[in-house]
Amino acid sequence: MKALVIDDSKAMRMILKKMLTEMDFEVSEAENGLAALSLLETGPRPELVLVDWNMPEMNGYEFVRAVRSRPEYDDMKLVMVTSETQADGVDRVVEAGADEYVTKPFTRESLAEKLGLLGFPRS
Ligand SMILES: [Mg+2]
């Protein structure tokens with residue numbers, strides 16, 4: 001299975017890549033929503049996308065909106081990685097079209113649990 005990690009923090013991308021690789025995903029990376037959209041145009045289609053909320057160029061909210069406006073991407077599961085703890089933040093994630101969200105900081109276990117809810121096999 002393929003996963004795409006989108007985050008402007010290189011450290012965060014490394015953490016997520018390690019966790020997802022341990023869960024048997026083949027992981028690619030992008031540093032913002034815009035870079036991720038062009039990667040989707042040219043590269044292999046990931047089954048799972050983890051996208052940070054706060055990023056320059058194009059943030060996670062805008063990325064999710066853009067992906068959900070494209071029917072050919074309907075099968076991709078989108079997980080928002082957010083530091084927002086307010087209820088309205090979570091509402092906006094769902095409204096934008098994300099399938100799930102994880103709140104920083106999170107553990108490999110809590111991430112695996114969310115991915116399990118989306119139907120990805122536990123490893
Ligand atoms: Mg960020």
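All figures in this text were calculated on a predicted structure; none of them were measured in a lab. We count ligands from 1, going down the list as the structure has it; atoms in each ligand are counted the same way.
Coordination check, Asp7 versus the Mg ion (ligand 1): failed, since every N/O/S atom of the residue sits at 2.8 Å or beyond.
Note on Glu22 versus Arg108: salt bridge recorded, some NZ/NE/NH1/NH2 to OD/OE distance being below 4.0 Å. Ion pair Asp52/Lys104 flagged as a salt bridge, since at least one NZ, NE, NH1 or NH2 atom sits closer than 4.0 Å to an Asp/Glu carboxylate oxygen.
The minimum distance between the Mg ion (ligand 1) and any N, O or S atom of Asp8 involves atom OD1.
The side-chain heavy atoms of Tyr73 and Leu78, taken from C-beta on, include no pair separated by under 4.5 Å.
Annotation: angle subtended at the Mg ion (ligand 1) by Asn54 O and Asp52 OD2 is 80°, to 10°.
In terms of hydrophobic clustering, with Ile, Leu, Val, Met, Phe, Trp and Tyr side chains grouped at heavy-atom distances under 4.5 Å, Tyr61 and Val51 are assigned to different clusters.
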